[in-house]
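One structure is given here, and the rest of the page talks about it.
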Amino acid sequence: MDDQTRMLTGLTGLGGLPQPDVGDPDSVRKQQSLGQPQQDIGDILQQIMAITDESLDEAQARKHALNCHRMKPALFSVLCEIKEKTVLSIRGVQEEDPPDPQIMRLDNMLLAEGVSGPEKGGGSAAAAAAAAAAGGSPTDSSIEHSDYRAKLAQIRQIYHSELEKYEQACSEFTNHVMNLLREQSRTRPISPKEIERMVAIIHRKFSSIQMQLKQSTCEAVMILRSRFLDARRKRRNFNKQATEVLNEYFYSHLSNPYPSEEAKEELAKKCGITVSQVSNWFGNKRIRYKKNIGKFQEEANLYAVKTAVDAANVSAQASQANSPATPNSGGYPAPCYTPDGRL
DNA sequence: ATCTATGATTCACC
DNA sequence: GGTGAATCATAGAT
């Protein structure tokens with residue numbers, strides 16, 4: 001009995017293996033035509049392939065039997081040799097690809113919107129600023145603001161929980177595949193590098209799923225944002241007190257109705273609006289005043305009186321007289337009024 | 001329904 | 001970047 005025949009009998013004697021059909025005349029013919037060695041190897045390979053069709057316990061037992069088989073090292077070395085030849089053609093085909101620019105774009109956006117960054121970072125601050133600039137009374141904007149924040153937080157939460165799920169699934173799957181490959185490396189030649197490559201492939205697959213998640217999150221944020229920006233166009237008039245403060249400043253600085261940055265901040269604080277709203281207001285006011293001074297005459301006189309009265313009060317309170325708020329020299333034409341407040 | 005007032009936006013200019 | 005000018009879009013008055 002030669003080695004291969006012994007091996008065959010050894011394998012068939014392992015139990016549970018399909019016995020070569022000795023009684024079958026076809027089988028006998030095959031044995032004769034193939035020649036003993038090829039036929040034996042063919043059987044072994046067939047048995048290896050058959051493992052996949054079996055239950056786990058059976059397969060484990062079979063695997064163990066095969067691993068213990070004394071021909072296994074020989075088969076293994078043959079597989080190694082084949083592998084060595086084929087690997088040369090595979091090598092270098094799939095090398096490190098550069099970071100996907102689209103992923104980077106999505107990442108940057110998610111970071112900017114405060115979805116992927118630290119909990120209460122720049123993104124929400126920016127949103128807050130935008131919300132504040134949205135106009136309307138301070139209460140309205142804060143309602144819109146909190147609404148926006150709440151929705152953003154919701155998106156953020158979903159994004160993170162999904163991301164976590166994906167990451168967990170990815171690492172679980174990676175572990176599983178690595179274990180499988182390590183296990184298989186006992187029967188077929190698998191280099192650590194190949195395992196690495198396989199892991200990279202898995203990661204690529206999962207990162208493409210992640211990209212989809214990022215994309216849909218971005219879309220959600222964009223929709224939220226556009227809704228929010230639409231809401232911004234829903235103009236709300238400033239309250240009476242705010243308009244009064246702004247008008248007072250405007251008419252008392254008619255010669256130069258350009259508040260400094262500090263003055264704008266002060267006015268914004270007084271009126272409960274943002275600095276950019278103050279800028280808008282002054283921009284509109286200047287142009288509209290200039291366009292139709294006549295129309296604003298009454299208003300101008302009213303505030304001139306107010307300013308004069310205030311100035312008078314101040315001077316009355318102070319022991320020494322102060323000069324009026326702002327002399328009107330140049331700049332925008334002043335309304336006509338007498339120093340005592342009469343028109 | 002229509003008009004007016006007004007806050008916001010856009011664009012060109014400096 | 002701040003401003004003027006034109007324009008948009010809507011609230012509020014009629």
Side-chain angles (χ1 to χ4, degrees), chain A residues 108-109 112-114 122-152 218-307 325-337 343:
Chain A
N108 285 342
M109 190 189 152
E113 294 295 335
S124 48
S137 66
T139 36
D140 282 344
S141 73
S142 65
I143 285 165
E144 280 172 18
H145 176 197
S146 64
D147 200 35
Y148 180 85
R149 283 252 306 251
K151 294 224 163 86
L152 195 68
C218 275
E219 271 167 31
V221 171
M222 291 310 272
I223 289 165
L224 180 66
R225 209 168 222 289
S226 73
R227 263 201 218 135
F228 179 72
L229 289 175
D230 282 349
R232 189 158 64 149
R233 289 195 81 89
K234 285 199 172 162
R235 188 176 56 76
R236 290 262 188 295
N237 289 356
F238 297 155
N239 61 39
K240 213 177 153 197
Q241 184 254 334
T243 315
E244 218 160 278
V245 169
L246 293 168
N247 271 318
E248 256 174 53
Y249 188 98
F250 181 80
Y251 289 111
S252 65
H253 295 77
L254 210 50
S255 61
N256 185 35
Y258 297 88
S260 63
E261 201 55 36
E262 293 81 48
K264 281 182 192 170
E265 276 168 25
E266 180 73 29
L267 286 166
K269 215 161 122 185
K270 268 192 195 167
C271 301
I273 59 179
T274 67
V275 172
S276 57
Q277 281 177 303
V278 172
S279 298
N280 282 341
W281 191 91
F282 272 89
N284 285 323
K285 190 72 184 182
R286 279 192 299 265
I287 188 75
R288 283 162 186 165
Y289 180 82
K290 204 174 96 175
K291 261 187 176 171
N292 195 350
I293 295 169
K295 199 180 80 179
F296 287 94
Q297 192 88 47
E298 205 180 323
E299 189 182 69
N301 289 334
L302 195 79
Y303 282 99
V305 171
K306 233 169 137 43
T307 308
T326 302
N328 185 42
S329 52
Y332 289 76
C336 21
Y337 66 96
L343 300 178

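Naming convention: chains lettered A, B, ... in sequence-line order (proteins, then strands); numbering from 1 in each chain.
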Q | Length of the CZ-C1' vector between A:F250 and C:dT3, whole Å | A | 14 Å

Q: Measure the distance from CG on A:L246 to P on B:dG7 and round it to the nearest whole Å.
A: 8 Å

Q. A:K290 has an atom NZ; how far is it from atom P of C:dA5, in whole Å?
A. 3 Å

Q. To the nearest angstrom, how far is A:R288 atom CZ from C:dT7 atom C1'?
A. 10 Å

Q.
Taking the ring of A:F250 and the ring of A:Y303, is the distance between their centroids below 6.0 Å?
A. no

Q: Measure from CH2 on A:W281 to P on B:dT6 and round the result to the nearest Å.
A: 10 Å

Q) From the list C:dA6, C:dG4, B:dT6, which nucleotide is the closest neighbour of the side chain of A:N237? A) B:dT6

Q | Contacts of type side chain to side chain contact (heavy atoms under 4.5 Å, CB included), residue A:E266, not counting sequence neighbours | A | A:K270

Q.
Does B:dG7 have OP1 or OP2 under 4.0 Å away from a side-chain N or O of A:Q277?
A. no

Q: For C:dG4, take OP1 and OP2 only and decide whether either is under 4.0 Å from a side-chain N or O of A:K291.
A: no

Q: Can you tell me the distance, in whole Å, between the CG atom of A:N280 and the C1' atom of B:dG7?
A: 7 Å

Q.
Please classify the nucleic acid contact of A:K264 as base, sugar-phosphate, or nothing, using heavy-atom distances under 4.0 Å.
A. sugar-phosphate

Q: Check the side chains of A:N247 and A:K306 for a donor-acceptor pair under 3.5 angstrom, ignoring hydrogens and angles.
A: no

Q: Can you tell me the distance, in whole Å, between the OH atom of A:Y289 and the C1' atom of B:dG7?
A: 21 Å

Q) Rounded to the nearest 0.5 Å, what separation is found between the CD atom of A:E248 and the CG atom of A:L302? A) 9.5 Å

Q | Whole angstrom value for the distance that separates C1' of B:dA8 from CZ of A:F238 | A | 9 Å

